[in-house]
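In the text below, chain A, chain B and the rest are named by the order of the sequence lines, each starting its count at 1.
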Number of protein chains: 2
Amino acid sequence: MAHQAAAGADSGDPTVRPQDREFLRDFHHTSRYGATPAGGIDRQAGTAEHGQVRRWFEERAGQLGLSVVTDAIGTIYALREWVPGAPFVLVGSHLDSQPRGGRFDGTYGVVAALHAVAAADAAVSAGLLDPRYNVAAVDWFNEEGARFAPSIMGSSVHAGILDLEVALQTTDPQGVTVAQALESTGRRGVDPAPKAAAYAEIHIEQGRRLERSGVPIGIVDRSWHTQKLLVSVIGEQSHTGATLMADRRDALIAASHVVVAVEEVVEEFEPETIVTSVGKFDVQPNSPIVVPRQVDLVVDLRADRASDVDQARGLLLERLQGIARRRDVEIEAQDFDVRPVQRFPADGVELAEKASRDQGVDSTVLATLAGHDSVPMNRIVPSVMLFVPSADGVSHCEREFTSDEDMVTGLRVLTGVVTRLVAGELADTASGGSDESGGAADDREDGRG
Amino acid sequence: MAHQAAAGADSGDPTVRPQDREFLRDFHHTSRYGATPAGGIDRQAGTAEHGQVRRWFEERAGQLGLSVVTDAIGTIYALREWVPGAPFVLVGSHLDSQPRGGRFDGTYGVVAALHAVAAADAAVSAGLLDPRYNVAAVDWFNEEGARFAPSIMGSSVHAGILDLEVALQTTDPQGVTVAQALESTGRRGVDPAPKAAAYAEIHIEQGRRLERSGVPIGIVDRSWHTQKLLVSVIGEQSHTGATLMADRRDALIAASHVVVAVEEVVEEFEPETIVTSVGKFDVQPNSPIVVPRQVDLVVDLRADRASDVDQARGLLLERLQGIARRRDVEIEAQDFDVRPVQRFPADGVELAEKASRDQGVDSTVLATLAGHDSVPMNRIVPSVMLFVPSADGVSHCEREFTSDEDMVTGLRVLTGVVTRLVAGELADTASGGSDESGGAADDREDGRG
């Protein structure tokens with residue numbers, strides 16, 4: 001089969017091919033952009049460091065014979081057009097990172113995309129692959145959302161579920177808009193985004209399931225149901241020295257009980273079926289000698305089943321009311337960023353299983369707990385999402401790690417997936433969709449409370 | 001006696017004298033500088049609003065026949081010199097506030113000082129008071145320490161326990177130095193501070209003891225022992241979505257347990273003998289989808305007895321180690337800002353009791369839980385500190401309140417104290433001192449860890 005030739009016939013052989021070495025050289029080169037002393041990277045969206053790695057991506061794409069276009073939200077597409085007028089198989093991920101983030105999250109997928117696209121191009125040139133679609137490697141703008149919320153911005157605009165103007169006017173904590181940040185890094189594009197036929201993405205797992213099971217490839221069949229709650233705890237400001245304990249209405253103590261309650265709610269569920277977190281927590285007035293008047297915090301609830309998230313939310317709201325009563329404070333909670341379970345097409349999962357077998361490697365089907373650019377893309381075109389193992393399951397931190405061997409295995413399977421997609425294997429497959437909308441792309445849930 | 005005439009002979013009479021009305025008019029006028037919608041003020045040290053109320057103070061002092069000088073740390077002295085070359089009885093407090101603070105804290109004492117000084121001047125002019133010392137109303141710079149830490153800055157520099165250059169180079173969270181803030185509000189003075197002979201201050205109690213007992217005047221005989229702990233909770237940054245609960249080392253959950261432990265430690269002590277707080281609490285990286293890697297927080301411990309603070313500190317450090325073990329995080333704690341119990345001179349307490357009796361009002365002796373400018377001043381000259389009731393005991397918040405009647409009663413007693421001090425009643429009294437130094441002013445404890 002065509003894709004086998006493109007991906008190389010030495011599957012199962014630990015020998016590193018020249019194209020693997022080239023990929024690894026490119027990948028490790030990217031770690032210098034925004035490098036942190038502890039071995040991570042800090043490349044928040046629209047910063048100078050982010051601009052530098054994106055310039056490298058454009059130059060490297062040019063060397064590989066691809067032509068580069070940038071759309072209005074700053075997503076960069078490196079195109080190879082064999083079939084004039086035909087839509088594109090998009091293959092991508094993101095080059096931005098969290099503050100003091102890891103060098104694999106997102107970047108691996110973008111560099112692998114470049115090399116999978118180059119391999120497909122070589123296969124077409126050699127007459128080994130008959131393309132039905134064109135292909136493009138994609139660097140989506142602002143997947144992380146650390147500087148500009150919401151996350152997964154470029155792909156959400158592409159998929160039509162986030163308004164371009166709303167995205168461009170989003171501000172960072174200093175009041176800089178996305179539009180200004182794109183201009184300052186030269187990435188405020190004017191090109192139309194290429195029309196997509198299918199989407200593929202590879203990413204580190206950011207969990208331990210592959211590592212524990214010893215399986216090198218994960219194939220994502222669904223995303224977890226997620227939602228956030230903005231919680232405001234309102235007490236009364238007073239003097240840390242002069243105010244007796246009984247006279248206080250301390251917002252920080254009450255908010256600390258909220259954080260503990262958010263963790264404890266998982267005890268009501270089966271192990272590893274739900275995760276809950278508080279990542280953002282702001283104290284007012286935040287002065288050493290003032291009892292805090294208010295804490296605003298963001299609760300993040302994620303589970304494989306929507307019903308578990310709903311149940312956890314209900315339990316938590318009850319416990320918050322108990323804390324408010326006991327501590328004589330007000331607690332307000334507001335739902336936002338509700339993201340229902342998204343199903344990736346079964347045909348795509350099957351295609352990825354074949355591509356793994358072609359390489360002689362095992363694969364396993366799993367859910368993604370984290371959001372990825374593939375999630376919105378899956379709503380408009382059939383999408384395939386692959387995982388490679390993460391050491392210790394850690395991510396969004398500097399000691400994030402995936403071995404060269406695992407990255408190369410992932411690149412080979414991704415290349416197989418891309419060549420199959422280019423050949424039109426999912427041409428008759430519908431895009432995926434959320435559980436709430438019965439499987440088709442549907443925006444209704446985005447208005448949910 | 002001279003001071004009786006100066007303070008007026010209508011003690012116990014609810015009739016408001018013309019000078020009381022003038023004082024109340026001045027006091028309520030100051031509330032417009034930095035006024036907040038909820039009835040408080042926001043006049044952090046060195047801001048434009050703070051500069052405006054200080055300009056009012058200078059103008060009003062001029063109208064009252066006082067001459068104004070400003071020292072190098074920006075403290076303003078409104079002087080009346082009857083005895084050339086003699087030292088000064090200083091009477092003061094502070095015009096700066098906490099963010100969204102109350103309009104009484106500090107400001108009442110400064111406006112009362114102006115009017116007590118004017119009354120003493122009238123008594124001297126009328127031949128009713130024979131001054132041994134001169135007098136000055138003082139607005140100390142940066143008592144609150146909300147913008148520039150440490151608090152009680154101007155009086156600590158005056159007392160020689162804080163280095164002037166260190167204070168001037170202190171920065172706010174935006175990197176602005178005290179020197180720059182003083183220049184921008186025109187208060188970087190070049191005048192030498194007047195030499196002090198004694199100090200008097202009146203302040204709202206910021207507690208409920210006077211209100212509960214129905215006594216209108218509190219006389220402070222000591223400050224509580226206080227200390228702070230800078231606590232750093234260090235976990236590991238990870239992804240709120242992808243990282244399973246068991247794989248996390250969440251610094252925020254551990255820090256929340258620390259906040260709860262800080263409150264719970266008071267249960268080991270008699271009611272109302274100790275207060276513990278966390279007012280400052282900073283989360284890193286503070287992103288909604290990142291499990292926090294670090295929290296830095298400030299613990300504030302205050303008790304009437306040093307031994308209670310030491311015991312609370314010991315219990316807390318033990319509990320912190322338990323939290324660190326259970327949560328698999330590191331917790332570091334560092335002592336700072338240790339302030340031993342300071343005793344005000346017994347002769348000064350007796351003098352204030354007499355001044356209260358002169359006005360026909362009851363007084364009670366109590367400790368101050370909060371720090372005040374009188375605490376460092378008491379280390380270099382005999383000092384007298386008075387309290388008036390605070391409604392509900394609240395302070396450092398917008399609903400802080402003291403009635404006009406209580407303020408006027410306080411002004412009358414303060415005026416009596418000032419005239420007695422001007423007459424030289426504490427001329428043979430030593431300054432106060434900390435418990436550790438055996439009663440005399442001593443700086444040794446400031447180096448304590």
**Message:** If I measure from the heavy atoms of chain B, does A/L301 come under 4.5 Å with its side chain, its backbone, both, or neither?
**Reply:** neither
**Request:** Name the member of A/E272, A/R209, A/K228 that forms the most heavy-atom pairs with chain B at distances under 4.5 Å.
**Result:** A/E272
**Asked** Tell me, side chain or backbone of A/R248 under 4.5 Å from chain B's heavy atoms, or both, or neither?
**Response** side chain
**Request:** Calculate, to the nearest 0.5 Å, the distance between atoms CD and OG belonging to B/Q98 and A/S287 respectively.
**Result:** 4.5 Å
**Fill in**
Within residues 258-270 of chain B, the residues sitting under 4.5 Å from chain A by heavy atom, in sequence order, are B/V259, B/V260, B/E263, B/V266
**Asked** Can you name the nearest heavy-atom pair linking B/Q237 to A/P99, along with the distance?
**Response** NE2-O, 2.9 Å
**Item:** Region of B/D300 that comes under 4.5 Å of a non-hydrogen atom in chain A
**Value:** side chain
**Item:** Value rounded to 0.5 Å, distance of CG in B/D282 from CG in A/D282
**Value:** 9.5 Å
**Prompt:** Can you list the residues that meet the ring-ring contact (aromatic ring centres under 6.0 Å, His included) rule with A/F387, with sequence neighbours excluded?
**Reply:** A/H372
**Prompt:** Nearest heavy-atom pair of B/M245 and A/T276: which atoms, and what distance?
**Reply:** CE-O, 3.3 Å
**Prompt:** With a 4.5 angstrom heavy-atom cut-off, which part of B/R147 approaches chain A: side chain, backbone, both or neither?
**Reply:** neither
**Asked** Measuring from A/T240:OG1 to B/R302:CZ, what's the distance to the nearest 0.5 Å?
**Response** 4.0 Å
**Prompt:** In Å and rounded to the nearest 0.5 Å, what is the CG to CD1 distance from A/L244 to B/I274?
**Reply:** 12.0 Å
**Request:** Against chain B, label A/T226 side chain, backbone, both or neither, depending on which of its atoms sit under 4.5 Å from a heavy atom there.
**Result:** neither
**Request:** Look at atom CZ of A/R305 and say whether more than 12 heavy atoms of other residues, nucleotides or ligands are closer to it than 6.0 Å.
**Result:** no
**Request:** Heavy-atom pairs under 4.5 Å with chain A are the metric here; pick the option from B/L297, B/D247, B/V283 that has the most.
**Result:** B/D247
**Item:** Heavy-atom proximity to chain A below 4.5 Å, by part of B/V394
**Value:** side chain
**Item:** Residue among B/V299, B/V298, B/V290 with most heavy-atom pairs under 4.5 Å to chain A
**Value:** B/V290
**B/E398, part contacting chain A, at a heavy-atom distance under 4.5 Å** = neither
**Message:** Please classify the contact between A/E400 and chain B as side chain, backbone, both or neither, with a heavy-atom cut-off of under 4.5 Å.
**Reply:** neither
**Request:** Please state whether the side chain, the backbone, both or neither of B/P285 comes within less than 4.5 Å of a heavy atom of chain A.
**Result:** side chain
**Fill in**
Of B/E205, B/R399, B/E144, the largest count of non-hydrogen pairs under 4.5 angstrom with chain A goes to B/R399
**Message:** Only pairs of heavy atoms separated by less than 4.5 Å count here; which of A/A251, A/S277, A/G371 has the most with chain B?
**Reply:** A/S277
**Message:** Once rounded to the nearest 0.5 Å, what's the spacing between atom CD1 of B/I253 and atom OG of A/S256?
**Reply:** 11.5 Å
**Asked** So what's closer than 4.5 Å to chain B heavy atoms on A/V275: side chain, backbone, both or neither?
**Response** both
**Message:** To the nearest 0.5 Å, what is the distance between CD1 on B/I152 and CD1 on A/I289?
**Reply:** 7.5 Å
**Prompt:** Closest approach of A/F281 and B/N286, non-hydrogen atoms and distance?
**Reply:** N-OD1, 2.8 Å
